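Treat the numbers as computed from the prediction; the structure is a model and nothing was measured.
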Amino acid sequence: MSLSRVLLVLACLAIGIPGARAQEAATAEPAIDAAAWGPYVRLVEQGWQLGDGYRVEWQWLSPGQELREQWINPHDGKVVQTNVIRPTSTPGRLELTSSLLGMNLKWQGRIASPGEVVWAREGMIKLPYRLRLAGDNKVMYEGVKLKDEQVTDVKYAHELKPLASRDIAPVVAEAADVPAGTPMATMPASDPEAIATTLVSAPVSTPALPEPPPEPAPVITGLGPLAALSGQTFTWCKPSQVGGNNCYIRFHQQGDGLRVCFFAADGGSECDFAYVAMPGGKQPNELKPQITSRKGEYYVSTGARWKADGQVLEFTTRKKYYESLLSEAIKVTMAPHTGWVRNADFWVAPDGAPRWRSYGWTAGMLGGRSDAYDQTYDLMPVTPALAQEYRGIHANWKVQDDYQRQIDAQRRREEEAQREANFAAFMGGLNTAAATLQQDMAEVDRANQRVADARRAMEEAQAREQARQQAEQAEQQRARQQAQQSAIAQQQAHAQVAEQARQQAAREAEQQRVAQQQAADQARRKQQEEAERQRQDEARRLADEQAKQRQQQAWQQSLHLARSTLRLRADTCLGGSGRYYVIGPKTTVNGCVTVHYEARCPGVAQGAGVQGSQHNYVGGSCMGVGDAIAIPGSPLSCPVEQVTVRVTDVTGC
């Protein structure tokens, strides 16, 4: 066969075969169930821009059966992540297999409405998100919170903007996705006739018109090499640092200046802390600074400037202590520069990698520096894969942090309940002791009253007996006098001398008898009074001993209660030169006590730590409301927040 006929056959094949195959494919292509795919029927075969970051494209691998989702770096056109979406056997359910980290992670999707699909990852960390069609032809990509598969909150949101065909850069596929040299058209690589058709028809295809050159990006004047970072997001954190830190740094153009935004790795984009530098300073290297913090306006900016010949942008901020920690009364006693000083430098290294440096110090009460630090970080670009990984780490950290806060709150509640129970038991013991003492004192008073009553009764009886005896004696005296007078009258003449002698003897005898009787009565009264005094002294002695015993028991109980309830901790104090101090409340013991304690770091056995004591303990504090109790040998080998302070004994002074 001649060469001309061979060329004619090949030309016919080039013209006829593709048309026939296209017609056959069009006839065999299945209909796509819109209800099974939700919003994806609107997104497929179209380029979309996700906020200021990556480009997203959806293409059918098998129409109605398998959909490919690609995340593309807009700067170099490389595919950084590929997801494959397939319907499941359950109506309204989809399954997504992701190439993230090479682990083939899976998400389960639910078609919530024709314009909304909600995804949640299989496993403990769900990482839920939602793709939905909003009003005004908007498409939203949102990180959400779920409860029973229902969206309860939106954590962050990005808008997907459609791209015109001239805005879509060529895609450089990943090696794991498409072999090198394969065109982006959806074509089975194993079809030799299709490949032959493409090779034959390629030379005769009409060349595409040249694209107009892209408009140059706006240049931020006066910001040197950092102008090239505008619109890009970086991270300085390693996976172990993702958690409570603001790990993401985003550079934005703001007017004719640059805004450096710090925010967390939970997928949100709200700045927790932001630096803004704008040209227009008074000095050649000076810029207009602006520092803002979403957590409180405690920061004062002292300037922004260029250094290192215009290659490094430096911010200086200051946080005054009295605005966040001390009272207004203390504020007036402090120097204006007292506080926390921090410098932040941003620059692009000679190798093209952006870097960030944070350094500063803490100013003392009367000036000076302490606690200096200096750390430099490399800034890594944030890819969807890395953002997905950090969101998972941040979510896990959030769960653990919430759980730890719940444990701490529960422990504080239990300790408070235990303290209240101990205090109630202590007060109950004091009330019981007071009631017992009151009863004993009442019994002593009643006994004393009975003794006084008995003494008064005895004195009254003695007085009555003495009056009776005196009356009898007077009666006897009158009788004798009458007898004597009668005898004297009869024998006056003869016995006057004898009667006078007898009367004299009788009087002397009576006086002697009366004296003896009075002496006996006085001796008896003294004996009774001495016996009564001894009995009262013995009763008072017994009452005093019982009261002292009860007081001693109450004292010992208060010491034991203080040993079991007193809680101490370690902390540093302003002006303490880094030493560790014992912080704790005053004990409930009345009187002077000595508190013995042990301070130790994690891993140190109980009893092997630093031993110390405080005579006449009135509480430990850094603020003048107690003793400043320095731990011997501090600082210890661990940070102060890890030091455990245990009360070993509480004794009297």
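- Sorted by first and then second residue, the salt bridge (charged side-chain N to carboxylate O under 4.0 Å, His left out) pairs with a member in residues 417-438 read Glu416-Arg419; sequence neighbours excluded.
- Counting heavy atoms from C-beta outward, Ile629 and Tyr617 have side chains that approach closer than 4.5 Å.
- Interatomic distance, CZ of Arg130 versus OH of Tyr141, reported as 12.5 Å (0.5 Å rounding).
- Side-chain atoms of Asn245 never come within 3.5 Å of backbone atoms of Cys247 as a donor-acceptor pair (strictly under, hydrogens ignored).
- Glu598 places no side-chain N or O within donor-acceptor distance of the main-chain N or O of Arg646, the cut-off being under 3.5 Å.
- Between the side chain of Gln253 and the main chain of Ser230, no donor-acceptor pair closer than 3.5 Å is present.
- Between Asn343 atom CG and Asp345 atom CG the span is 6.5 Å, to the nearest 0.5 Å.
- Residues passing the salt bridge (charged side-chain N to carboxylate O under 4.0 Å, His left out) test with Arg412, sequence neighbours excluded: none.
- Under the rule for a side chain to side chain donor-acceptor pair (under 3.5 Å), the partners of Asp571 that lie at least two apart in sequence or sit in another chain are Arg569.
- For the pair Asp408 and Arg405, the salt-bridge criterion is not met [side-chain N within less than 4.0 Å of a carboxylate O].
- Annotation: Asp351, atom CG; neighbour count of heavy atoms from other residues, nucleotides and ligands within 6.0 Å is above 12.
- For Trp236, the ring-ring contact (aromatic ring centres under 6.0 Å, His included) criterion is met by Trp356, Tyr377, not counting sequence neighbours.
- Each side chain to side chain donor-acceptor pair (under 3.5 Å) pair with one or both residues in residues 624-637, not counting sequence neighbours, appears once here: Gln614-Asp627.
- A distance-only check finds no donor-acceptor pair linking the side chain of Thr233 to the backbone of Val382 [under 3.5 Å].
- Among residues at least two apart or in separate chains, disulfide bond (SG atoms under 2.5 Å apart) pairs with a member in residues 541-592 are Cys573-Cys622, Cys592-Cys653.
- Judged as a salt bridge (charged side-chain N to carboxylate O under 4.0 Å, His left out), the pairs with a partner in residues 542-553 (not counting sequence neighbours) are, in order, Asp440-Arg550, Arg541-Glu545.
- Here CZ of Phe315 is found 8.0 Å from OH of Tyr275. Values are rounded to the nearest 0.5 Å.
- With sequence neighbours excluded, the residues forming a side chain to side chain donor-acceptor pair (under 3.5 Å) with Asn422 are Gln418, listed by chain and number.
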Give the intermediate values and the outcome of side-chain hydrogen bond (donor to acceptor under 3.5 Å, both in side chains) for residues Gln553 and Gln549.
-> CA-CA 6 Å; Gln553 290 176 358; Gln549 290 178 359; 5.6 Å; no
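- Considering Val604, Leu636, Val643 as possible partners of Val610, the one that fulfils the side-chain contact (heavy atoms from CB on, under 4.5 Å) test is Leu636.
- Under 3.5 Å, the side chains of Gln406 and Gln410 contain no donor-acceptor pair of N or O atoms.
- Judged by distance alone, with hydrogens and angles left aside, the side-chain atoms of Gln311 form no donor-acceptor pair with the main-chain N or O of Val348 at under 3.5 Å.
- Atom CG of Asp266 and atom OH of Tyr248 lie 9.0 Å apart (nearest 0.5 Å).
- Note that CD of Gln108 is 4.5 Å distant from CD of Glu122, once rounded to the nearest 0.5 Å.
- Among residue pairs with one or both ends in residues 586-596, none qualify as salt bridge (charged side-chain N to carboxylate O under 4.0 Å, His left out); sequence neighbours excluded.
- Interatomic distance, Ile249 CD1 to Thr235 OG1, rounded to the nearest 0.5 Å: 7.5 Å.
- In this view, Tyr581 satisfies the ring-ring contact (aromatic ring centres under 6.0 Å, His included) rule with no residue, not counting sequence neighbours.
- Counting only residues at least two apart or on different chains, the salt bridge (charged side-chain N to carboxylate O under 4.0 Å, His left out) pairs with a member in residues 554-566 are Arg563-Asp649.
- Qualifying ring-ring contact (aromatic ring centres under 6.0 Å, His included) partners for Trp397, counting only residues two or more places apart in sequence or in other chains: His394.
- Residues Arg357 and Thr376 have side chains that never bring a donor and an acceptor to within less than 3.5 angstrom of each other.
- Using modelled atom types, one side-chain atom of Asn448 and one backbone atom of Val444 make a donor-acceptor pair closer than 3.5 Å.
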